[in-house]
Engineer: 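What follows is a structure written as structure tokens; I'll ask about it next.
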Amino acid sequence: MLPKAYDPKACEDRIYQMWEESGAFKADAKSKKEPFVISMPPPNATGQLHLGHAVMLALEDIFTRFARMQGKEALWLPGTDHAAIATESVVIKKIQKEEKIKDPRAHYGREKLVEKIAEFVQASRATIRSQVRKMGASCDWSRERYTLDASLNRCVNEVFKKMYGDGLIYRGQRIVSWDPKMQTTVSDDEIEHVEEKAPFYTFQYGPFQISTARPETKFGDKYVVMHPDDERYKQYKDGDTFTAEWINGPVQATVIKDSDAIDPAFGTGCMTITPWHDMTDFELAERRKLPREQIIDFTGRLMPVAGEFAGMPIEEARPKVVEKLKEKGLLVKVDENYVHRIAVSYRGKGVVEPQIKEQWFIDVNKPVVEWKKKKMSLKQVMQDVIRSKDIRIIPERFEKIYFHWIDNLRDWCVSRQIWWGHRIPVWYKGEEKRVGAVSPGPGWMQDPDTLDTWFSSGLWTWSTLIDPTLATDTSLSLQDLLDRSPDFQKFHPTTVMETGYDILFFWVARMILMTTYATGQIPFKHVYLHGLVRTRDGKKMSKSDPSTCIDPLEIIPKYGADALRLSMIVGQSPGNDFRLYEEKIAGYRNFINKLWNASRFVLMQCEKAGVDPKGVGDGAGVGSLSVADRALLSSLQSLIDDATQGLKEYRLSETGERLYSFVWDYFCDWYLELSKGESNPAVLVHALRTIVHLLHPYCPFVTEELWASIGPKGSGPLIREPWPTPEKKSIDRDAEAQLQLLIDIITAVRSLRAEYGVTPEAKIPSTVHAVRSGEFLVQHQAHVLRLANVSELTVVSKAPAPRHGVVSAFLKGVDIQLLLEGVVDLTKVKENLEAERAQLQKFLAGVQAKLGNEQFVARAKPEVIETEKQKLADGEAKLKKIEERLKAFA
RNA sequence: GGGUGGUUAGCUCAGUUGGUUUAGAGCGUCUGGUUUACACCCAGAAGGUCACAGGUUCGAUUCCUGUACCACCCACCA
């Protein structure tokens, strides 16, 4: 016999091990079955799993288990990401703290530091692996990958080479966002904008007044820009020169008229430019072929051009420069309330300084990509796959956001000045340059930079499917690798990419870019974006604040992985953030326990009847069915239908709720209660088996544990069981309607009891007393019941302590319709019926109008029209019945 | 500055192309209860002008327009 409460701690690890050893997670590339593939977004190998990962794992596991049970060849490929900047900065900080080494890069040198990072990553990957298992993730560990694996590195190098050959990768002097703290370039997407209040100074610059929040960059400014239509400056012409007294003496300055760079309504309407340290200024300088000069070095200190300020860090120099200009009488005014946004590195949190550097870029506008028999740019391909619906994003609104992002997309800077990552496969010897993974010979030096981490993760859906043994054969081309890797052939494109909406641009867009280019295929058919987990107060969960932060590793032992999974899935809709807190998780723990106890009850009934639950065979020995049995079997069919349809359409929350409500509100509260009068063990077992199947993707552990007790003899684990299909022959709407009527009557009697204040001591028999007295009427919907008639029911009730007095009678086959006779208050009934008729007629007219509407019919899906027609038919039948009954009154 | 989402019961949220939902759930609150699984339970109750203002419609929480507040994203305001 099962214990009184479900204990997840005692089962989960054992069950997971059983699944893993049974080979159920392992996908077969030779299988003839339709593939279903998810590439797990690889967690950063920098530490621990958090709730964001837990949501991802729960969602993807549900998709995968459902597909597997549906008979698809399901592959869920797990892995980890080397997370270049993030990892390097974590390890450097760690060394600084633990080993008290100020500059770990200088201290250890490249080779040794990379080794140390690799060690750290090894440990972290092991932690993550065990944590993913704790969530019950049914992923194929035999195919686990890591973004720095040799075979993935091969793919990175091959793609780089191909892009270089196509002229899509180029090296150039461009303005980039430089993180002086991490000493590397960061990409546009790795920048956060933080609001900051800073004094906004206006200075006299020759005859002009210019404003700036960054006077320390202004040493080399020799151009003053204004809008060509600005009336205030119409006496100046483009190219006019003048001499202005400036920070370190007079400068020769030139007037520039430009309509793109300047907003005449802002400030004084004119500005000086600093092309080396400002994006807009850089672009203007590029257009006009203006000279540019570096003012701030790569460590964030002023260069010799600053004269007496040279060598000072920015924060120190700024007030001093202002002071000097003030002394010279050039400070016009200071706005202390000015608020602007400063760029901060997402990872290192250092203030980003635009700098001009030689970097590697991917050209997103060059139309050299072969796609659908046309030459397109990377940008165009990225737009095309979404616009043509090759890839569908869920929820759809993110498509708009995606397009907007692409419209503003500029060339992607892929080189990083850090050591942890894929080394750029380019070699130099004097002026010569070669692209390749290995040195072309003596005297060649490899580019010291590494690639942006998203370069390799952009290949994730397919680089993970390349056969690692083939990847060692350097004679093969990229196309050969794709053609000859069985996994790639079977499992690509993947089915669905499930990830947080926060990395739509970072990652999803980049996978589309890299994969379409490198393989000629889309990386995935669907993108399912989940929301971010927040605290009860709607704040972001942060590790730095443990009071608000829920750690999945503390929750799982306490409430079980199943409860955690449900709490993150039900009540959550794609693309929207959701709040998680302990009471919610406890609520689903209660549900798991309810299911557990319902199963105990079923097993007890079997024992009582001398039936072996494992011996219950589908179809055989069911015995005679009561109305309640038929109603249950019938509603199970619609449940299967709804669950299947819901999961197919990724409506996980709704489907979870439907299953929850079926189990608790229907199966437990009604069917099991009715079974206390008289039970049919075969039906009980059959129903429970179906329920456990349908719930398995959501809560795999408890259902698997129950399956061990109720599954047929000789059956394998639940994870391998086929998904239930509805049986038409079990559908019995009459039985459902009759049971519903019974439920309605019982409910009505109960509320009657409450209304007349029957003493609590009287408990259930009080219902009977009330009924027997014949004084009370039950008014329910259009029916007014005289309870004297119902009193008949008590006679046939034989249950020792009937919880629902009327129930047993029902099971004995008393025709419920009889109860409706002997109506007392005829006028009331008539009124009710008439009201119901009026409402129904109105409704039917509405539905008819809808079906008659051409626009609706043209736009609606066939199944929607079907349901509308069904509504109409049902309504008309009901109306007919009402009419008949009304006729009786005449 | 541009864009997206949100605003439904004390709290957290559902609500599938306008009507059979006189607005639903979970938690919390209150009342009553240990009954052949389950107190991680059972039976009930209270609690909502579906943010506001207009419009379309026979009918709007649902569609349209505007307003307010909240959140997020994007952008080169010096």
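Computation of the quantities below employed the complete heavy-atom set of this structure, encompassing side-chain atoms and omitting hydrogens, waters and symmetry-equivalent molecules. Each chain gets a letter, A, B and so on, in the order its sequence line appears, and its residues count up from 1.
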Engineer: Return the value, rounded to whole Å, for the distance between atom CD1 of A:I394 and atom P of B:rU4.
Structural biologist: 21 Å

Engineer: If I pick the C1' atom on B:rC42 and the same atom on B:rC50, what distance separates them, to the nearest angstrom?
Structural biologist: 32 Å

Engineer: Without decimals, in angstroms, what is the distance between A:D669 CG and B:rU35 P?
Structural biologist: 18 Å

Engineer: Nearest whole angstrom, please: distance from the C1' of B:rC41 to the CD1 of A:I592.
Structural biologist: 16 Å

Engineer: B:rU17 and B:rC64: how far apart are their C1' atoms, nearest whole angstrom?
Structural biologist: 15 Å

Engineer: With no hydrogens and no angle check, is any side-chain donor or acceptor of A:Y698 less than 3.5 Å from a backbone partner on A:L652?
Structural biologist: yes

Engineer: Are A:E353 and A:R214 within salt-bridge range, i.e. N to O under 4.0 Å?
Structural biologist: yes

Engineer: Roughly how many Å apart are B:rG15 and B:rU7, using the P atom of each and rounding to a whole number?
Structural biologist: 10 Å

Engineer: Summarise how protein sits on nucleotides 72-78 of chain B as a single string, 5' to 3': B when a protein heavy atom is under 4.0 Å from the base, S for sugar-phosphate-only contact, - for no contact.
Structural biologist: --SBBBB

Engineer: Is a donor on one side and an acceptor on the other found under 3.5 Å between the side chain of A:Q645 and the backbone of A:D641?
Structural biologist: no

Engineer: Kindly assign one of parallel, tilted or perpendicular to the pair A:F667 and A:F662, based on the angle between their ring planes and the thresholds 30° and 60°.
Structural biologist: parallel

Engineer: Of the listed nucleotides (B:rU4, B:rA14, B:rU16), which one gets closest to any side-chain atom of A:E654?
Structural biologist: B:rU16

Engineer: Counting distance only, does the side-chain N/O of A:K594 pair as donor-acceptor with the main-chain N or O of A:W664 below 3.5 Å?
Structural biologist: no

Engineer: Would you say the side-chain atoms of A:E607 pair up with the backbone N or O of A:A609, donor to acceptor, closer than 3.5 Å?
Structural biologist: no

Engineer: Atom pairs, N/O to N/O, protein against nucleotides 63-65 of chain B, distance under 3.5 Å?
Structural biologist:
none

Engineer: B:rU57 and B:rG18: how far apart are their C1' atoms, nearest whole angstrom?
Structural biologist: 9 Å

Engineer: Decide yes or no on side-chain contact (heavy atoms from CB on, under 4.5 Å) for A:D278 and A:I273, but give the supporting numbers first.
Structural biologist: CA-CA 8 Å; A:D278 187 284; A:I273 59 166; over 6 Å; no

Engineer: Identify, with sequence neighbours excluded, every residue that meets side-chain hydrogen bond (donor to acceptor under 3.5 Å, both in side chains) alongside A:W276.
Structural biologist: A:Q355

Engineer: So which of residues 595-606 of chain A are in contact with RNA chain B, with a heavy-atom cut-off of under 4.0 Å?
Structural biologist: A:N597, A:A598, A:R600, A:F601, A:M604

Engineer: How far, in whole Å, is B:rA9 from B:rA45 if one measures between their C1' atoms?
Structural biologist: 14 Å

Engineer: Taking B:rA39 as the reference, what is the distance to B:rG33 when you measure between their C1' atoms (whole Å, please)?
Structural biologist: 11 Å

Engineer: Give each protein N/O atom lying under 3.5 Å from an N/O atom of nucleotides 19-21 of chain B, with the pair distance.
Structural biologist:
from: B:rG19; atom 1: O6; to: A:G846; atom 2: O; distance (Å): 3.0
from: B:rU20; atom 1: O4; to: A:K878; atom 2: NZ; distance (Å): 2.9

Engineer: If you restrict it to nitrogen or oxygen atoms, what contacts under 3.5 Å exist between nucleotides 5-12 of chain B and the protein, and what is each distance?
Structural biologist:
from: B:rC11; atom 1: O2'; to: A:R536; atom 2: NH2; distance (Å): 3.3
from: B:rU12; atom 1: OP1; to: A:R579; atom 2: NH1; distance (Å): 3.3
from: B:rU12; atom 1: O4'; to: A:Y581; atom 2: OH; distance (Å): 3.3
from: B:rU12; atom 1: O3'; to: A:R579; atom 2: NE; distance (Å): 3.4
from: B:rU12; atom 1: O2'; to: A:Y581; atom 2: OH; distance (Å): 3.2

Engineer: So do the side chains of A:D562 and A:F591 get within less than 4.5 Å of each other, counting heavy atoms only?
Structural biologist: no

Engineer: The side chain of A:K400 lies closest to which of these nucleotides: B:rG3, B:rA14, B:rG26?
Structural biologist: B:rG3

Engineer: Which residues pass the side-chain contact (heavy atoms from CB on, under 4.5 Å) test with A:S661, sequence neighbours left out?
Structural biologist: A:D665

Engineer: Whether the side chain of A:H277 engages the backbone of A:I295 through a donor-acceptor N/O pair (distance < 3.5 Å, no angle test) should be reported.
Structural biologist: yes

Engineer: Do the side-chain N or O atoms of A:N590 get closer than 4.0 angstrom to the phosphate oxygens (OP1, OP2) of B:rC38?
Structural biologist: no

Engineer: Does some side-chain heavy atom of A:P354 sit less than 4.5 Å from a side-chain heavy atom of A:F282?
Structural biologist: no

Engineer: Does A:R589 or A:E583 map to a spot on RNA chain B nearer the 5' end, using the closest nucleotide for each?
Structural biologist: A:E583

Engineer: Could you check how far OH of A:Y671 sits from P of B:rC42, rounded to whole Å?
Structural biologist: 19 Å

Engineer: Write down the distance separating the P atoms in B:rG1 and B:rU8, rounded off to the nearest Å.
Structural biologist: 27 Å

Engineer: Using a heavy-atom cut-off of under 4.0 Å over every strand shown, decide if A:G587 touches base, sugar-phosphate, or nothing.
Structural biologist: nothing

Engineer: Contact between A:F208 and A:T272 at the side-chain level, heavy atoms closer than 4.5 Å - yes or no?
Structural biologist: no

Engineer: Reading 5' to 3' and counting Watson-Crick or G-U wobble pairs with both distances under 3.5 Å, write the dot-bracket notation for RNA chain B, | for bases paired outside the strand.
Structural biologist: (((((((..((((.....[....)))).(((((.......))))).....(((((..]....))))))))))))....

Engineer: Who pairs with A:V334 by side-chain contact (heavy atoms from CB on, under 4.5 Å), at least two apart in sequence or on another chain?
Structural biologist: A:P199, A:Y201, A:L331, A:E336

Engineer: Could you tell me which residues satisfy side-chain contact (heavy atoms from CB on, under 4.5 Å) with A:R288, sequence neighbours excluded, listed by chain and number?
Structural biologist: A:D238, A:I256, A:D258, A:L284, A:L290

Engineer: Which whole-number value in Å describes the distance from A:E657 CD to B:rG24 C1'?
Structural biologist: 9 Å

Engineer: If you compare every side-chain N and O of A:K4 against the phosphate oxygens of B:rC38 (OP1, OP2), does one of them come in below 4.0 Å?
Structural biologist: yes

Engineer: Taking A:K218's backbone N and O only, do any of them form a donor-acceptor pair with A:W246's side chain (distance below 3.5 Å, no angle check)?
Structural biologist: yes

Engineer: Between A:T655 and A:A643, is there a donor-acceptor pair closer than 3.5 Å when you use the side chain of the first and the backbone of the second?
Structural biologist: no

Engineer: For A:H404, does its backbone N or O pair with a side-chain atom of A:N408 as donor and acceptor, under 3.5 Å?
Structural biologist: yes

Engineer: Please list, one pair per line, the donor and acceptor atoms closer than 3.5 Å that link side chains of residues 500-507 of chain A to other protein atoms, with sequence neighbours excluded.
Structural biologist:
from: A:Y501; atom 1: OH; to: A:D577; atom 2: OD1; distance (Å): 2.8
from: A:Y501; atom 1: OH; to: A:D577; atom 2: OD2; distance (Å): 3.2
from: A:W507; atom 1: NE1; to: A:S457; atom 2: O; distance (Å): 2.8

Engineer: With P as the reference atom in both, quote the distance from B:rG44 to B:rG26 in angstrom, rounded to an integer.
Structural biologist: 12 Å

Engineer: Just grab all the side-chain hydrogen bond (donor to acceptor under 3.5 Å, both in side chains) pairs involving residues 595-606 of chain A, residues at least two apart or on different chains.
Structural biologist: A:N593-A:N597, A:N597-A:R600, A:Q605-A:S679

Engineer: What's the NZ-C1' distance between A:K594 and B:rA37, to the nearest Å?
Structural biologist: 8 Å

